[in-house]
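Just follow the structure's listing: the first ligand is 1, and inside any ligand the first atom is 1. Treat the numbers as computed from the prediction; the structure is a model and nothing was measured.
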Amino acid sequence: MDAIQEKLKIIAPATGERLGEIPATSVNEVDSFYHRSKTAFKQWSNLTMSERGKYLLRLKDIIVEQMEDIAKTIAADTGKVVTEALVADIMPTLDSIDHIIKHGEKILQRQRVKTPLLLIGKKSFIEYMPRGVVLVISPWNYPFQLAMVPMLSALASGYAVILKPSEVTPLVGKCMEGLFAEAGFPMGVVQVAHGGKEVGEAFTNGKPDYIFFTGSVRTGKIIQQVASKHLIPTTLELGGKDPMIVFADAHLERAAKGAVWAAFTNSGQVCMSAERLYVEKSIYPKFLSLLKKEILNLKQGNNEDDDVGSMTFPAQIEILRDQLEDALSKGARLETGLMPEKWNNGMFLPLIVVTNVNHDMKLIQEESFGPILPVIPFESEDEVISLANDTVYGLNASVWSNDPVKARRVSSRLVSGAVVINDAIISIAHHGLPFGGAKQSGIGRYHGDAGLRIFCHEKAIVEDIGRKKSEIHWYPYQGKYPLFLQLFKSYFQANRNWIIFSKIYLRILKKN
Ligand code: NAD
């Protein structure tokens with residue numbers, strides 16, 4: 001990738017092969033992008049939900065038809081194995097279309113709300129109205145899903161979308177642009193701005209009506225600052241340091257398999273994963289050996305049958321090296337994998353389990369985003385809850401136990417956007433559940449009903465049939481004050497007195 005030459009170089013991380021380059025969008029094009037989007041919004045937002053849904057279904061058909069090619073494109077661009085491209089990028093995208101088609105109309109239609117008695121004779125509703133143009137800025141780790149799902153939700157809600165995909169995975173950005181073009185979305189409804197940080201910045205400053213950002217806490221804060229200047233609403237989906245808690249009564253083989261998958265899927269470059277593993281002391285040695293056994297079974301590579309692919313972004317390796325060196329210098333012990341000085345297999349990192357770690361280490365406090373799993377023993381429920389909550393993040397967590405009461409009790413005390421019991425990560429695959437972070441893991445939610453409603457103004461509507469000459473709270477006020485006192489006392493007292501309320505109400509009415 002090289003934005004100075006206004007070309008994004010595409011290099012397959014797993015092989016180092018140069019796959020080509022694509023032109024970057026010039027920052028001078030920002031105004032024309034927004035102009036096209038705003039024009040397109042007028043028509044697009046006037047379509048009914050089911051008319052917009054037809055475009056989504058056409059896109060779905062194309063994705064299904066080209067599923068294998070798309071999976072291979074994602075795998076080549078990220079270094080992830082093709083199975084993960086299919087399961088974790090393409091499947092959730094298709095499923096989100098199904099969810100939107102099935103529930104979208106109901107979620108966004110005018111909702112009737114009960115009217116309180118004090119507003120006698122009126123009807124109340126909530127309406128959802130799209131705001132205009134959304135800027136979706138997406139990361140490189142799940143470059144398809146994490147761009148597509150917010151885009152599809154915004155499109156269904158009536159928005160025009162400008163996508164700024166990650167410059168680290170430009171091929172996927174180009175692929176998504178092609179899919180929308182093929183699906184025949186009207187001109188300007190979906191536009192893709194290719195490029196890096198500068199392009200992201202320029203489009204953020206271009207004053208979209210909404211910003212949906214997925215990426216690091218650092219960038220999230222910058223975007224929120226720019227958005228606040230113009231009061232632009234945002235959703236920020238940021239990093240995580242997800243704890244996994246294994247109690248002694250858990251199914252240990254399952255938990256060990258689950259831990260290895262949650263820690264090493266996508267080479268650990270997952271915002272919601274297992275970044276810290278807490279194991280109850282009584283089973284700690286046994287669990288450690290189960291973990292090691294599971295890791296031995298894994299195959300790294302970029303073939304169809306491999307389990308763990310390569311890292312995607314070279315700079316990430318240095319972050320991991322720094323964290324591991326810090327931990328090792330403070331007494332951490334490597335249980336599997338290699339010391340940082342022996343990492344010499346290109347973008348493939350060894351799968352590392354580290355013990356003898358503590359909460360003063362960067363490895364425990366900062367997001368790693370790579371195949372490193374630190375393991376910490378614990379003795380009590382209270383202790384592990386306080387350890388699990390002891391980072392600035394709160395995206396996802398998992399609790400493993402055969403005692404559902406205990407597992408639920410612990411889950412409820414975790415400060416986390418989501419908790420999975422006896423599994424990990426998969427709450428993101430459920431489009432009926434809200435997705436988002438607590439603490440510095442983000443602001444706002446998507447997926448579920450929230451996923452469509454966040455993009456809309458929530459408009460309160462109160463309707464009166466308009467046949468009465470006046471209202472009791474309108475002028476004139478003469479003689480009404482003591483009557484209002486009696487009216488509200490009769491209404492709000494512990495045992496509401498309807499007879500007095502009705503009598504006084506009629507007396508006030510007569511004063512009009
Ligand atoms: P990043 O913040 O470096 O980049 C994300 C996107 O922001 C990219 O498209 C980038 O070009 C753009 N960008 C960078 N600087 C910008 C600026 N100043 N203005 C506007 N746009 C700018 O993140 P990344 O390295 O691509 O992704 C990894 C991070 O994303 C990790 O922290 C991970 O936890 C997080 N993440 C979060 C979720 C979630 O849903 N919560 C999902 C996946 C990844």
Query raised in the report: For ligand 1, is there an atom lying under 4.0 Å from some heavy atom of Gly437?
Result: no

**Report entry** atom 27 (O) of ligand 1: the protein heavy-atom neighbour that sits closest, reported with distance to 0.1 Å
**Finding:** Pro139 CB, 3.4 Å

Query raised in the report: Does the ring center of Phe313 lie less than 6.0 Å from the ring center of Phe369?
Result: no

Query raised in the report: Considering only protein heavy atoms, which is closest to atom 37 (C) of ligand 1, and at what distance to one decimal place?
Result: Leu238 O, 3.0 Å

Query - Evaluation steps, side chain to side chain contact (heavy atoms under 4.5 Å, CB included), between Arg276 and Val357 - result: CA-CA 10 Å; Arg276 296 174 284 153; Val357 289; over 6 Å; no

Requested in this report: Would you mind finding which of Gly417, Gly215, Cys271 brings a heavy atom closest to atom 35 (C) of ligand 1?
Outcome: Gly215

Query - Smallest separation among heavy atoms of Pro143 and Thr169, with atom names - result: CB-OG1, 3.5 Å

Query raised in the report: Can the ring centres of Tyr55 and Trp44 be said to be less than 6.0 Å apart?
Result: yes

Report summary line: heavy-atom search around atom 23 (O) of ligand 1 in the protein gives Ser216 N, 3.4 Å

Report summary line: Within 4.0 Å of some non-hydrogen atom of Lys164, the atoms of ligand 1 are 8 (C), 9 (O), 10 (C), 11 (O)

Query raised in the report: What part of Gln269, side chain from CB on, backbone N/CA/C/O, both or neither, has a heavy atom under 4.0 Å from ligand 1?
Result: neither

Query - Identity and distance of the protein heavy atom lying nearest atom 34 (O) of ligand 1 - result: Glu367 OE2, 2.5 Å

Query raised in the report: Taking heavy atoms and a distance under 4.0 Å, where does Phe203 meet ligand 1: side chain, backbone, both or neither?
Result: neither

Query raised in the report: atom 21 (N) of ligand 1: which protein heavy atom is closest, and how many Å away?
Result: Gly200 CA, 3.6 Å

Query raised in the report: Taking the six-membered ring for Trp, are the ring centroids of Phe455 and Tyr159 within less than 6.0 Å of each other?
Result: yes

Query raised in the report: Under 4.0 Å from any heavy atom of Leu146, which atoms of ligand 1 are there?
Result: 42 (C), 43 (C)

Query - atom 8 (C) of ligand 1 [closest protein heavy-atom partner, distance rounded to 0.1 Å] - result: Ser138 O, 3.4 Å

Query raised in the report: Is it the side chain (CB and beyond), the backbone, both or neither of Val199 that lies under 4.0 Å from ligand 1, heavy atoms counted?
Result: neither

Query raised in the report: For ligand 1, which atoms, with element, lie under 4.0 Å from some heavy atom of Thr204?
Result: 20 (C)

Query raised in the report: How far is atom 40 (O) of ligand 1 from its nearest protein heavy atom, and which residue and atom name does that atom have?
Result: Phe435 CE2, 3.2 Å

**Report entry** Per-atom contacts, ligand 1 versus Ser166 - under 4.0 Å to a heavy atom
**Finding:** 9 (O)

Requested in this report: Give the atoms of ligand 1, by number and element, whose distance to some non-hydrogen atom of Leu395 is under 4.0 Å.
Outcome: 41 (N)

Query raised in the report: How far apart are the C-alpha atoms of Phe435 and Val149, what are their side-chain angles, what is the distance that settles it, and do they pass the side chain to side chain contact (heavy atoms under 4.5 Å, CB included) test?
Result: CA-CA 11 Å; Phe435 178 85; Val149 176; over 6 Å; no

**Report entry** Lys/Arg-Asp/Glu bridge criterion (N-O < 4.0 Å) met for Asp360, Lys330
**Finding:** no

Query - Geometric cation-pi criterion, Arg36 with Phe33: 6.0 Å, 45° - result: yes

Query raised in the report: Gln224 versus Phe213: any side-chain heavy-atom pair under 4.5 Å?
Result: no

Requested in this report: Specify the protein heavy atom at minimum distance from atom 13 (N) of ligand 1: its residue, its atom name, and the distance to 0.1 Å.
Outcome: Thr219 CG2, 3.6 Å

Query raised in the report: So which bit of Val217 gets within less than 4.0 Å of ligand 1, heavy atoms only: side chain, backbone, both or neither?
Result: neither

Report task. Measure the distances from the heavy atoms of Phe213 to every atom of ligand 1 and state whether one is below 4.0 angstrom. Result -> yes

Query raised in the report: With backbone taken as N, CA, C and O and side chain as the heavy atoms from C-beta onward, which portion of Thr214 lies under 4.0 Å from ligand 1: side chain, backbone, both, or neither?
Result: both

Query raised in the report: Relative to ligand 1, is Val270 under 4.0 angstrom through side chain, backbone, both or neither, heavy atoms considered?
Result: neither

